[in-house]
Student: 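Just dropping this structure here.
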Amino acid sequence: MPSLTGDVTPDLQFFNIIDGKIRPAKEHHQVVNPRTEEPLWDAPVASSQDLDDAVEAARRAFKTWKKTTVAERQAKIDEVARCIEKNKKLLSEILMQETGKPQMMAENEIDRTVAHFDYYLNVALEDEVQYEDEKTTVIATHVPIGVLGAISPWNFPVILSSIKVVSALATGNCVIIKPSPFTPYSLLKLCEVAQSVLPPGVFQALNGGADLGERITLHPGVDHVSFTGTIAVGRRIMENCARTFKRVILELAGNDAAVVCDDVDLARVVPLVAAGALTHAGQVCVASKRVYVHEAVYDRFLALLVDEVRKYAGHDDPSVPTPCGPISNRVNYDRLRGILDDCRKNNHDIVAGGEVLSGKKGFWITPTIVSKPPEDSFLVREEQFGPIIPLLSWSDEDDVIARANSLDNAGLGASVWTADAARAQRIARQLEAGSVWINQPELPHQGSFFSGWKLSGYGGELGRRGLLNYTNTQSLLIAK
Ligand code: NAD
């Protein structure tokens, strides 16, 4: 057991949360801390009976919860947010252990989670007049769908789960969430502490793997599903949901292009592009995964980037403030080693990094730059989800836009870097991605609708617009 401090003790226990209570499990699995490879706590595995019980409790709770007013629900969201704030130390320390994140990043994830809850204290779906004439008024009212099955990944276990939870709470849905089995602890604990302020059955959490995920998506008592993860699993979930016509939101992988023009201030822009590509060792859905730099500034950009990426090497001591830790689990670590092997096998030009620190405990890969790999190489075509940057060059605007848009897995985000505001919007508006950041690294914002196009997703979350995907809109056509 790793050395733990403060609120986090080795004998901390984790439970599935069903109907407002902790539910001890018969079966458990263990996760290792990716920084030290030391085993963490027992993680409960939910059974089929646990899922049936959670669905039954959610359906019971929904009868009352769906009738609450926006103001009543916002009061509860406020209480959950304050509860998370109060438990920040506990939750961020658990998060550090299960993801390997440095303290600064773990605390930031909890702060941003609270910010997402707080955002929905002022943003809601109220009734609206859709149409009116002398004979009729048509009102749109946004009705909760029912029981939400939410399934989340391991890279930001608290915030990505919380977006689904707060969206469900804000719209009057009940939610059962399944965290990734790589990072089950922080979310189970968050759900546990939130029970003190929420009615039983409104927010429940069950841990398990793909088999539990499948059962959630096929369960007749689950009305809709919100999923964040890979394209392959997203496709499977959509197929399963189609059988019972469950509504589905899919937030999937990205292969974001960063387009850097020749007029940028390199000293300012290179550190920002590096942050977009390497924060959390590149394990971010909207990380810059293909960096296209104008040929006129390519060599100078590369020289500055080689210096800059050293800052993302990660640090043994998690209390050192840095935006980068180890690779978060062995599966991703082995996959990334395979990508580096592929680069070497194909004689790609690795100009920085490329080292796997296998002599050291934990899953560490040094930040890597690969200069001008072929456009059809594995590193460019596929989402690397790690600290390996393919640096490509361009000289014609239409050509770089076509290359940025050429991949079906690149519909999530993109960024454009230029001193010319009109040029920035001209390029951004032609990029086929749900969010485009202009002169800033890709960081989703609670007020900004977030959706993947093409293979990167279906539906979307966040902002006021995101709440619509958690509701059925009913039209009331009222004769005057
Ligand atoms: P994953 O698809 O392997 O797993 C995600 C979740 O799905 C986990 O909880 C897993 O247990 C569950 N699951 C696996 N098989 C299932 C099945 N058959 N039915 C139901 N559930 C199943 O993804 P991951 O490796 O945890 O996450 C990394 C991926 O997520 C990357 O591709 C990344 O780009 C993407 N991601 C997307 C966003 C976004 O908002 N678009 C955000 C973060 C991560």
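Every number for a ligand or one of its atoms is a count from 1 in the order of the listing.
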Student: Would you kindly check if the NZ (Lys) or CZ (Arg) of Arg23 is within the cone defined by 45 degrees around the ring axis of Phe15 and under 6.0 Å from the six-membered ring centre?
Tutor: no

Student: Check Pro181 against ligand 1 and report side chain, backbone, both or neither, counting heavy atoms closer than 4.0 Å.
Tutor: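 Side chain only.
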
Student: Tell me, with the steps shown, if Glu375 and Arg381 meet salt bridge (charged side-chain N to carboxylate O under 4.0 Å, His left out).
Tutor: CA-CA 7 Å; Glu375 201 75 20; Arg381 275 189 292 110; over 6 Å; no

Student: Students should be able to answer this: which protein heavy-atom is nearest to atom 29 (C) of ligand 1, and at what distance?
Tutor: Gly229 C, 3.6 Å

Student: Look only at the side chain of Asp53 and the backbone of Asp50, and say whether a donor-acceptor pair between them is shorter than 3.5 Å.
Tutor: no

Student: Locate the shortest heavy-atom distance separating Lys372 from Ser393; write the atom from each residue and the value.
Tutor: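 Scanning both residues, the minimum pair turns out to be CE-OG, 3.7 Å.
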
Student: Just to confirm my output: which protein heavy-atom neighbour is closest to atom 25 (O) of ligand 1, and how far is it?
Tutor: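 The closest heavy atom on the protein side is Trp154 NE1, 3.0 Å.
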
Student: For Gly457, state whether at least one heavy atom is located under 4.0 Å from any atom of ligand 1.
Tutor: no

Student: Relative to atom 17 (C) of ligand 1, which among Glu383, Lys178, Arg235, Glu214 owns the nearest non-hydrogen atom?
Tutor: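 Among Glu383, Lys178, Arg235, Glu214, the closest heavy atom to atom 17 (C) of ligand 1 belongs to Glu214.
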
Student: Which one holds for Leu252 and ligand 1: side chain close, backbone close, both close, or neither close, with close meaning a heavy atom under 4.0 Å?
Tutor: backbone

Student: Indicate, as side chain, backbone, both or neither, the part of Ile151 found under 4.0 angstrom from ligand 1 when only non-hydrogen atoms are considered.
Tutor: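 It is the side chain that gets close, since no backbone atom is under 4.0 Å.
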
Student: Which atoms of ligand 1 have any heavy atom of Ala253 under 4.0 Å away?
Tutor: 32 (O), 34 (O)

Student: What atoms in ligand 1 come closer than 4.0 Å to a heavy atom of Leu160?
Tutor: 42 (C), 43 (C)

Student: Just heavy atoms, cut-off under 4.0 Å: does Phe450 contact ligand 1 by side chain, backbone, both, or neither?
Tutor: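 The part of Phe450 near ligand 1 is the side chain, not the backbone.
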
Student: Give the numbers and elements of all ligand 1 atoms closer than 4.0 Å to a heavy atom of Leu412.
Tutor: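 Ligand 1 atoms under the 4.0 Å threshold to Leu412: 41 (N).
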
Student: Can you tell me how far the CD atom of Gln283 sits from the CG atom of Asn155, to the nearest 0.5 Å?
Tutor: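 The CD atom of Gln283 sits 7.5 Å away from the CG atom of Asn155.
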
Student: Which atoms of ligand 1 sit under 4.0 Å from any heavy atom of Asn155?
Tutor: 43 (C), 44 (C)

Student: Sequence neighbours left out, what pairs pass side-chain hydrogen bond (donor to acceptor under 3.5 Å, both in side chains) with at least one residue falling in residues 162-173?
Tutor: Lys164-Ser226, Lys164-Thr228, Lys164-Glu461, Thr171-Asn173, Asn173-His224

Student: Mark whether atom 4 (O) of ligand 1 lies under 4.0 angstrom from at least one protein heavy atom.
Tutor: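 No, because not a single protein heavy atom sits under 4.0 Å from atom 4 (O) of ligand 1.
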
Student: Does some non-hydrogen atom of Pro444 fall short of 4.0 Å from ligand 1?
Tutor: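 No heavy atom of Pro444 comes that close to ligand 1.
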
Student: Which of the atoms in ligand 1, numbered in the order shown and given with their element, are less than 4.0 Å from a heavy-atom of Arg236?
Tutor: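 Those atoms are 18 (N).
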
Student: Under the rule for ring-ring contact (aromatic ring centres under 6.0 Å, His included), what residues qualify as partners of Tyr470, not counting sequence neighbours?
Tutor: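 Partners of Tyr470 by the ring-ring contact (aromatic ring centres under 6.0 Å, His included) criterion come out as none, since no residue qualifies.
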
Student: Backbone or side chain, does any N or O of Ser456 fall under 3.5 Å from an N or O of ligand 1?
Tutor: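 N/O-N/O distance under 3.5 Å: no.
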
Student: I need the contact type for Phe227 against ligand 1. Using non-hydrogen atoms and a strict under-4.0 Å cut-off, is it side chain, backbone, both or neither?
Tutor: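 Under 4.0 Å from ligand 1, Phe227 contributes side-chain atoms alone.
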
Student: Quick check against the 3.5 Å criterion: does Ser152 have a side-chain atom that pairs as donor or acceptor with the backbone of Ser161?
Tutor: no

Student: Checking side-chain hydrogen bond (donor to acceptor under 3.5 Å, both in side chains) between Arg247 and each of Asn472, Asn469, Thr471, which is the one that passes?
Tutor: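 Going through Asn472, Asn469, Thr471 one by one, the side-chain hydrogen bond (donor to acceptor under 3.5 Å, both in side chains) with Arg247 is satisfied by Asn472 alone.
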
Student: Only heavy atoms of Pro179, strictly under 4.0 Å: list the atoms of ligand 1 that pass.
Tutor: 9 (O)

Student: Tell me, with the steps shown, if Glu107 and Lys89 meet salt bridge (charged side-chain N to carboxylate O under 4.0 Å, His left out).
Tutor: CA-CA 8 Å; Glu107 289 180 351; Lys89 189 161 185 289; over 6 Å; no

Student: Where the closest heavy atom to atom 13 (N) of ligand 1 is concerned, which of Val233, Val225, Leu462 has it?
Tutor: Val233

Student: Give the intermediate values and the outcome of salt bridge (charged side-chain N to carboxylate O under 4.0 Å, His left out) for residues Arg337 and Asp341.
Tutor: CA-CA 6 Å; Arg337 288 164 50 162; Asp341 287 347; over 6 Å; no

Student: If we check side-chain hydrogen bond (donor to acceptor under 3.5 Å, both in side chains) with Lys289, which of these qualifies: Glu442, Glu383, Glu382?
Tutor: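 Output: one option passes, namely Glu383.
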
Student: Among all the protein's non-hydrogen atoms, which is closest to atom 8 (C) of ligand 1, and how far away is it?
Tutor: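 Nearest protein contact, heavy atoms only, for atom 8 (C) of ligand 1 is Ser152 O, 3.3 Å.
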
Student: Students often mix this up, so state it plainly: with edges at 30° and 60°, are the rings of Trp154 and Phe385 parallel, tilted or perpendicular?
Tutor: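 Judged by the thresholds at 30° and 60°, the geometry between Trp154 and Phe385 is perpendicular.
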
Student: Which of the numbered atoms in ligand 1 are under 4.0 angstrom from any heavy atom belonging to Cys285?
Tutor: 34 (O), 36 (N), 37 (C), 38 (C), 39 (C), 40 (O), 42 (C), 43 (C), 44 (C)

